[in-house]
Amino acid sequence: MARSEHTELEVLTRPVEGSRSTRRLRREGLVPGVVYGGGDEPLTFSVNARILRSALAHAGSVLDLAIDGGKATPVIVKDVQNHPVRGEAIHVDLLRVDMTQPIHSTAVLDLVGANESPGVSEGGVLSQETREVNIMALPDDLPDVIQHDVSKMEMNETLTLAAVTIPQGVTLLDDPDETVIATITPPTLEPVEDEIETETALVGEDGEPLEGAELEEAERQAEGDTADEAAEASGDAS
């Protein structure tokens, strides 16, 4: 079902300048951006960081972009660059869209119910192999997220995209039978080396280890036996 309302985003045009200018904008609480596509020239703009954050949080797939107070143009968010530490948006790319023409986009694949699955309950490890899927749809039909319930997955099971229900009006561009989205495998056990005890001490007739003079005498006798064995072996060889 088409969405009748879009979140509006008001921005101001800005000249194309260098990195020093963009740093100044960010210090002033503004986020630089660019909008392109739709047969028009790319246009650089700046937008209040707080307004952008609110628009992105409440938007669906389409935003109504108003530039310098002009007529709103439908756009979608193509990319948001975030600060590596603070996580805040530091640049945004927008794409003009024709609401009557399907477009190629991506949607996040959200797997739910993993902890309830028999495979995980038995100690298996669930690995999500695919986190985004390629789709095509009219701008108002583009989903941000596609969810799939994996609460029935068993140990050693492999799940492909064919098992996912795609929303109406959306065309899946990835191969559903070849695209693996999740697996559950047994936990990997670390090998435990067998402890082998080697007894090297010389013992007497009573089974107790020899000490002192008795130990020295036993060692000399052992060395003598070894020498005799070597001499006998030499004689046999000749």
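Along the sequence shown, residues carry numbers from 1. Nothing here was measured: the structure is a model prediction, and the numbers come from that model.
Although no hydrogens or angles enter the test, the distance criterion places a donor-acceptor pair under 3.5 Å between the side chain of T44 and the main chain of R14. Although no hydrogens or angles enter the test, the distance criterion places a donor-acceptor pair under 3.5 Å between the side chain of D174 and the main chain of N134.
Hydrophobic clustering, with ILVMFWY side chains joined whenever heavy atoms are under 4.5 angstrom apart, keeps L65 apart from L138.
Across all their heavy atoms, V62 and P74 have their closest contact at CG1-CB, 4.0 Å. Shortest non-hydrogen contact noted between P143 and I135 is CD-CD1, 3.6 Å. Scanning all heavy atoms of the two residues, the minimum distance from M155 to T185 falls at SD-C, 3.8 Å.
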Check residues 145-152 and write down every donor-acceptor pair under 3.5 Å in which the side-chain atom is one partner and the other belongs to a residue at least two apart or another chain.
{"from": "Q147", "atom 1": "NE2", "to": "D110", "atom 2": "OD2", "distance (Å)": "3.0"}
{"from": "D149", "atom 1": "OD1", "to": "S151", "atom 2": "N", "distance (Å)": "2.8"}
{"from": "D149", "atom 1": "OD1", "to": "S151", "atom 2": "OG", "distance (Å)": "2.8"}
{"from": "D149", "atom 1": "OD2", "to": "S151", "atom 2": "OG", "distance (Å)": "3.2"}

Show which side-chain atoms of residues 118-131 pair as donor or acceptor with protein atoms under 3.5 Å away, not counting sequence neighbours.
{"from": "S121", "atom 1": "OG", "to": "S117", "atom 2": "O", "distance (Å)": "3.0"}
{"from": "Q128", "atom 1": "NE2", "to": "L109", "atom 2": "O", "distance (Å)": "2.9"}
{"from": "Q128", "atom 1": "NE2", "to": "T130", "atom 2": "O", "distance (Å)": "3.0"}
{"from": "T130", "atom 1": "OG1", "to": "V180", "atom 2": "O", "distance (Å)": "2.7"}

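Atom CG of L161 and atom CD1 of I166 lie 5.5 Å apart (nearest 0.5 Å). Distance check: I67 CD1 to E10 CD gives 11.5 Å after rounding to the nearest 0.5 Å. To the nearest 0.5 Å, atom OG of residue S105 and atom CG of residue D144 are 8.5 Å apart. Rounded to the nearest 0.5 angstrom, T13 OG1 and L43 CG are separated by 6.0 Å. For the atom pair NE2 (H104) and OG1 (T106), the distance works out to 7.0 Å, reported to the nearest 0.5 Å.
Members clustered with L173: M136, by chain and number, using a 4.5 Å side-chain heavy-atom cutoff among hydrophobic residues. Through chains of ILVMFWY side-chain contacts below 4.5 Å, L25 is grouped with L30.
A salt bridge (charged side-chain N to carboxylate O under 4.0 Å, His left out) check over residues 25-52, counting only residues at least two apart or in different chains, returns the pairs R24-E28. For residues 80-91, the pairs satisfying salt bridge (charged side-chain N to carboxylate O under 4.0 Å, His left out) are R86-E88, with sequence neighbours left out. Listed by first then second residue, pairs satisfying side-chain hydrogen bond (donor to acceptor under 3.5 Å, both in side chains) with a partner in residues 153-165 number zero, not counting sequence neighbours.
Listed by chain and number, the residues in a side-chain contact (heavy atoms from CB on, under 4.5 Å) with K78 are Y36, I76, D93, L95 (sequence neighbours excluded). L12 is linked by a side-chain contact (heavy atoms from CB on, under 4.5 Å) to S46, D68, counting only residues two or more places apart in sequence or in another chain. Residues meeting the side-chain hydrogen bond (donor to acceptor under 3.5 Å, both in side chains) test with D79, sequence neighbours left out: none. Every residue was checked against the side-chain hydrogen bond (donor to acceptor under 3.5 Å, both in side chains) condition with N48, not counting sequence neighbours, and none meets it.
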Mind running side chain to side chain contact (heavy atoms under 4.5 Å, CB included) on L63 and V77 for me, showing each step along the way?
-> CA-CA 8 Å; L63 294 170; V77 178; 3.8 Å; yes
